[in-house]
Amino acid sequence: STLRDLTVAEYLDIEQEHDQRYEYHDGFIYALAGGSINHNRISGNSFGTLRGELRNGKKDCEVFINDVKVHIASSNSYLYPDVMVVCGDIETAEHNKESITNPVLIIEVLSESTASYDRGDKFHKYRQIPSLVDYVLIEQTSQQVDVFHRDRGGELWKISSFTGGDVHLASLDLTLTLDALYEGVVFEE
């Protein structure tokens, strides 16, 4: 049998059949590896902290973690962000009602194997999401959070790096503390 590009329908079937998460890039699929304990802690902390803050303030925003896909029509991609936030009505992909198309915020927890992908190709794809305002990268080997913020014009991205104190998320108009994001995280010596 010859290798050929997979359709979205074939991709979704394979994922269901194997009960495994794959990212889809215009015909090609990539299996997602399991995460580390710290990766899980940081993802969970991000989700929990955001959820708490949004409950207190913005009622029309919802937080999703790990196994909900985002669909990017312009690059024909299905990706799994670690955490994402949608404000207002959830919009979904035409061919897959479980894939969100309108996040305002995406968080990726970096690992050695994915850091260059998360900063490079994946960010390139995420930038094609019209609704996306903040892209947040969280290191798991040290306390560092990088926030890429899209300006109102939509073309320029400004980067802010945080290694202490508070992380401001303009997309949601709220501030998270590094202590909350890194709660329970043990750094290797």
Between Thr92 and Thr101, does a side-chain contact (heavy atoms from CB on, under 4.5 Å) hold up when you go through it step by step?
CA-CA 5 Å; Thr92 57; Thr101 59; 5.7 Å; no
Do Val8 and Val70 sit in the same hydrophobic cluster, where Ile, Leu, Val, Met, Phe, Trp and Tyr count as joined when their side-chain heavy atoms come under 4.5 Å apart?
no
Just so I know, are the side chains of Ile106 and Val83 near enough to count as touching, which here means a heavy-atom distance under 4.5 Å?
no
Leu172 reachable from Val86 in the ILVMFWY side-chain graph, under 4.5 Å edges:
no
Taking the side chain as every heavy atom from C-beta outward, state whether Ile29 and Ile14 have any pair of such atoms under 4.5 Å apart.
yes
Side chain of His71, backbone of Ser77: donor and acceptor closer than 3.5 Å?
yes
Nearest-0.5 Å distance, NE2 of residue His25 to CG of residue Asp5
13.5 Å
Check whether Asp82 reaches the backbone of Val109 with its side chain - one donor and one acceptor, N or O, closer than 3.5 Å.
yes
Could you walk me through whether Leu137 and Asp118 pass the side-chain contact (heavy atoms from CB on, under 4.5 Å) test, one step at a time?
CA-CA 8 Å; Leu137 296 176; Asp118 289 335; 4.1 Å; yes
Distance-only donor-acceptor check, side chains Ser74 and Gln128, under 3.5 Å:
yes
Measure from the ring center of Trp157 to the ring center of Phe123 and say whether it is less than 6.0 Å.
yes
Checking side-chain contact (heavy atoms from CB on, under 4.5 Å) for the pair Val136/Asp146: CA distance, chi angles, key distance, verdict?
CA-CA 6 Å; Val136 181; Asp146 292 337; over 6 Å; no
With distance as the sole criterion, is a donor-acceptor pair present between the side chains of Thr175 and His168 under 3.5 Å?
yes
Worked verdict on Leu110 versus Arg119 for side-chain contact (heavy atoms from CB on, under 4.5 Å)
CA-CA 9 Å; Leu110 299 176; Arg119 291 185 180 280; 3.5 Å; yes
If I take atom CD from residue Glu108 and atom CD1 from residue Ile42, how far apart are they, to the nearest 0.5 angstrom?
12.5 Å
Around atom CZ of Arg21, are there more than 12 heavy atoms of other residues, nucleotides or ligands at under 6.0 Å?
yes
Indicate the atoms forming the closest heavy-atom contact of Ser43 with Ile65, along with that distance.
O-CD1, 3.6 Å
Partner of Tyr126 by ring-ring contact (aromatic ring centres under 6.0 Å, His included), out of Tyr80, Tyr117, Tyr135
Tyr135
Are Tyr30 and Tyr22, when compared by the centres of their aromatic rings, separated by less than 6.0 Å?
no
Looking at Lys69 and Glu15, is there a salt bridge between them, counting it only when a charged N and a carboxylate O are closer than 4.0 Å?
yes
The residue among Cys87, Ser131, Pro81 that forms side chain to side chain contact (heavy atoms under 4.5 Å, CB included) with Pro103 is Ser131
Determine, using the 4.5 Å side-chain heavy-atom cutoff (strictly less than), whether Val145 and Leu174 are members of one ILVMFWY cluster.
yes
Side chains of Ser36 and Gln140 only: does a donor on one sit below 3.5 Å from an acceptor on the other?
yes
Any side-chain heavy-atom pair from Arg41 and Val186 closer than 4.5 angstrom?
yes
Assigning hydrophobic clusters by single linkage (Ile, Leu, Val, Met, Phe, Trp, Tyr; side-chain heavy-atom cutoff under 4.5 Å), is Leu178 placed with Phe187?
yes
Heavy-atom side-chain contact between Asn96 and Tyr78 under 4.5 Å:
yes
For Lys97, I'd like to know if atom NZ has over 12 heavy atoms of other residues, nucleotides or ligands within 6.0 Å.
yes
Can you tell if the side chain of Tyr182 reaches within under 4.5 Å of the side chain of Glu139, non-hydrogen atoms only?
yes
Nearest 0.5 Å, what's the CD-CG distance between Glu10 and Asp13?
8.0 Å
Is it the case that Asp134 and Ser171 place a side-chain donor and acceptor less than 3.5 Å from each other?
yes
Side chain to side chain, Val104 and Leu132, heavy atoms closer than 4.5 Å
no
Should Phe162 and Leu50 be regarded as members of a common hydrophobic cluster, given that ILVMFWY residues are connected when their side-chain heavy atoms come within less than 4.5 Å of each other, either directly or indirectly?
yes
Could you tell me the separation between the CD1 atom of Ile72 and the CG atom of Leu79, rounded to the nearest 0.5 Å?
4.5 Å
Which value, rounded to the nearest 0.5 Å, describes the distance between His149 atom NE2 and Leu105 atom CG?
11.0 Å
Nearest-0.5 Å distance, CD of residue Gln143 to CG of residue Leu181
8.5 Å
May I ask you to test the Ile107-Met84 pair for a side-chain heavy-atom distance under 4.5 Å?
no
Pairwise side-chain contact, Asn102 with Ile129, heavy-atom cut-off 4.5 Å (strictly under)
no
Counting only heavy atoms not in Ile37, do more than 12 fall under 6.0 Å of its CD1?
no
